[in-house]
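The structure under discussion appears below in the form of structure tokens.
Index from 1, following the sequence.
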Amino acid sequence: MYKDDYLSTKAIIQFIDWIESILDVPRSFNHSYHHIKENKRYTFENLFEAYKKYDWKRKHTIEELSITLKKSLIGLDEQACLNTCNMILEWGGVKNMGNIKRLSILSPNLCAYLLAIRERMAMNLPLQDYFTPEIHMTSGFSKIYSACVDEFIIYDSRVAASLGLLVRTFCINYKLQVIPHELKFAWSNGRGRKTRNPSFDGYSFPKIKIHKKNEYLENNIKANWLLSKITNSTKSKFASIEPHDHRLRALEKSLFMLGYDISQK
């Protein structure tokens, strides 16, 4: 399946039409939760409000880290590339031994590795042809790829949870008995007692199998295609965000905020 094939399916067309109607309309998509660590209640009435309430206190922003990483790739500066990748993992709170070890393995040729992935993701290929044994996929590496590949979102447990929540709401509104295959995004657990599983009331979403890199990458690529289409065609307030490439990041931030906890309360 090519990108255009995916985006032209009935389910995707209907979903995009529906989600564009709730991006910034007051009280069009109400969601709330209690943030345990901050002891604060967050409430949202649409996706643009969730973006405006984006809160991720770190020394650097992902936009700044993206600029630095891209500069290291232009200059083929291996040490700067490695340092920035480590900073991205720290920024994302995913600087675990698995990600650090993988960076260490790649570090002699990290620039070439990331440039090859960027080149591959820019190609118009059938979905299955993006998969190669060399591509490493975790939530942490999704953040690294997002910083250096155009129109590549961060696919972590919060974004996946939000996508599932939106898809489930769409299915209920359209009275669909099952989730369309094209919208069956996989989810993963977060830390602590927060709910990130969107399965509810007969709608069942698969769980990400970390050891199956192709499945993780497939979910990320489909989300890239879908969310890029939305931000490139929307007439909502997201369309006023400049520069243009920050619009996708803004929608990603919106999903990040919504997806902290999607439990039924």
With side-chain hydrogen bond (donor to acceptor under 3.5 Å, both in side chains) as the criterion, how do Arg168 and Ser199 come out once you've worked through the C-alpha distance, each side chain's angles and the decisive distance to 0.1 Å? CA-CA 8 Å; Arg168 190 183 74 211; Ser199 302; over 6 Å; no

Given the rule in the side-chain hydrogen bond (donor to acceptor under 3.5 Å, both in side chains) test, do Ser157 and Asn189 qualify, once you have shown the distances and angles that lead to the verdict? CA-CA 6 Å; Ser157 65; Asn189 287 324; over 6 Å; no

What verdict does the side chain to side chain contact (heavy atoms under 4.5 Å, CB included) test give for Ile36 and Asp261, after you've listed the backbone C-alpha separation in whole Å, the side-chain angles of each residue and the deciding distance to 0.1 Å? CA-CA 10 Å; Ile36 298 171; Asp261 190 336; 5.9 Å; no

Assess whether side chain to side chain contact (heavy atoms under 4.5 Å, CB included) is satisfied between Leu248 and Glu151, documenting all intermediate values. CA-CA 7 Å; Leu248 180 60; Glu151 298 192 336; 4.1 Å; yes

Residues Ile241, His246; criterion side chain to side chain contact (heavy atoms under 4.5 Å, CB included); working and verdict: CA-CA 7 Å; Ile241 296 171; His246 282 199; 4.0 Å; yes

Determine, step by step, whether Asp5 and Lys3 satisfy the salt bridge (charged side-chain N to carboxylate O under 4.0 Å, His left out) criterion, reporting the C-alpha distance in whole Å, the side-chain angles of both residues, the deciding distance to 0.1 Å, and the verdict. CA-CA 5 Å; Asp5 297 328; Lys3 177 181 179 179; over 6 Å; no

Could you walk me through whether Leu251 and Tyr51 pass the side chain to side chain contact (heavy atoms under 4.5 Å, CB included) test, one step at a time? CA-CA 7 Å; Leu251 184 54; Tyr51 158 64; over 6 Å; no

Verify side-chain hydrogen bond (donor to acceptor under 3.5 Å, both in side chains) between Asp55 and His35, making sure each step is shown before the conclusion. CA-CA 11 Å; Asp55 187 16; His35 195 292; over 6 Å; no

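The environment of NZ in Lys184 is crowded: more than 12 heavy-atom neighbours from other residues, nucleotides or ligands sit within 6.0 Å. Within 6.0 Å of the CD atom in Gln14, the count of heavy atoms belonging to other residues, nucleotides or ligands exceeds 12. Gln128 CD: more than 12 foreign heavy atoms inside a 6.0 Å radius. Within 6.0 Å of NZ on Lys95 lie more than 12 heavy atoms contributed by other residues, nucleotides or ligands. When the shell of 6.0 Å around NE2 of His244 is examined, it contains more than 12 heavy atoms from other residues, nucleotides or ligands.
Between Tyr2 and Tyr6, the distance separating the two ring centers is not shorter than 6.0 angstrom. Phe48 has its ring centre less than 6.0 Å from the ring centre of Phe238.
Between Glu242 and Arg247, at least one side-chain N (NZ, or NE/NH1/NH2) sits under 4.0 Å from a carboxylate O, which counts as a salt bridge. Under 4.0 Å is where a charged nitrogen must lie from a carboxylate oxygen, and between Lys70 and Asp150 at least one such pair does. By the 4.0 Å N-to-carboxylate-O rule, Glu49 lies too far from Lys52 to be salt-bridged with it. One finds a salt bridge joining Glu63 and Lys253 here, because a Lys/Arg side-chain nitrogen approaches an Asp/Glu carboxylate oxygen to under 4.0 Å.
Ring geometry for Phe170 against Phe15 counts as perpendicular: the plane angle is over 60°, on a 0 to 90° scale with 30° as the lower cut. In this structure, Phe44 and Tyr42 have parallel ring planes: the angle between them is below the 30° cut-off, well short of the 60° mark. Relative orientation of the Tyr33 and Tyr260 rings is tilted, given thresholds of 30° and 60° on the angle between their planes.
Within the model, atoms CG of Asn83 and CG of Leu69 stand 11.0 Å from one another, a figure rounded to the nearest 0.5 Å. Rounding to the nearest 0.5 angstrom, the gap separating the CD1 atom in Ile62 from the CD1 atom in Ile154 is 5.0 Å. The structure places CD of Glu252 at 11.0 Å from OG1 of Thr231, a figure rounded to the nearest 0.5 Å. Separating the CZ atom in Arg196 from the CG atom in Leu165 is a distance of 12.5 Å, to the nearest 0.5 Å. Distance CD1/Ile74 to SG/Cys111: 11.0 Å, rounded to 0.5 Å. Here the straight-line distance linking atom CG of Leu127 with atom CG of Leu217 works out to 8.0 Å at 0.5 Å rounding.
Counting only N and O atoms by type, the side chains of Gln79 and Ser72 include no donor and acceptor under 3.5 Å apart. There is a side-chain donor-acceptor pair under 3.5 Å between Lys143 and Ser139.
Leu23 is listed as a side-chain neighbour of Ile230, based on a closest heavy-atom distance under 4.5 Å. Between Glu64 and Thr61 the shortest side-chain heavy-atom distance falls below 4.5 Å. Asn96 has its side chain out of reach of Leu89: every pair of non-hydrogen atoms, C-beta onward, lies at least 4.5 Å apart. The shortest side-chain heavy-atom distance between Leu183 and Lys222 does not fall under the 4.5 Å cut-off. Residues Phe152 and Ser142 meet the side-chain proximity criterion, which asks for heavy atoms closer than 4.5 Å.
Criterion: ILVMFWY side-chain heavy atoms under 4.5 Å apart, direct or through other members. Under it, Met137 and Leu125 are part of a common hydrophobic cluster. There is no path of hydrophobic side-chain contacts, each under 4.5 Å, that joins Ile13 to Leu7. Taking hydrophobic clusters as Ile, Leu, Val, Met, Phe, Trp and Tyr residues chained together by side-chain heavy-atom distances below 4.5 Å, Val25 does not share a cluster with Tyr174. Hydrophobic clustering (side-chain heavy atoms under 4.5 Å, transitive across Ile, Leu, Val, Met, Phe, Trp, Tyr) groups Leu166 together with Ile172. By the criterion of side-chain heavy atoms lying less than 4.5 angstrom apart, applied directly or through intervening Ile, Leu, Val, Met, Phe, Trp or Tyr residues, Met123 is grouped together with Leu114 in one hydrophobic cluster.
For residues 99-135, no residue pair satisfies the ring-ring contact (aromatic ring centres under 6.0 Å, His included) rule, not counting sequence neighbours.
Every residue two or more places apart in sequence or in another chain that forms a side chain to side chain contact (heavy atoms under 4.5 Å, CB included) with Thr43 is listed here: Ser32, Arg41, Lys53. The ring-ring contact (aromatic ring centres under 6.0 Å, His included) check on Phe256 picks up Tyr54, Trp56, with sequence neighbours excluded.
No side-chain donor-acceptor contact under 3.5 Å links Ser104 to the backbone of Ile100. Checked by atom type and distance alone, the side chain of Asn46 never pairs as donor or acceptor with a backbone atom of Phe29 at under 3.5 Å. Judged by distance alone, with hydrogens and angles left aside, the side-chain atoms of Ser21 form a donor-acceptor pair with the main-chain N or O of Trp18 at under 3.5 Å. In terms of modelled atom types and a separation under 3.5 Å, the side chain of Thr138 and the main chain of Phe141 share a donor-acceptor contact.
Summarising the geometry of Ile208 relative to Tyr216, their closest heavy-atom pair is CG2-CD1, 3.6 Å, with the distance given to 0.1 Å.
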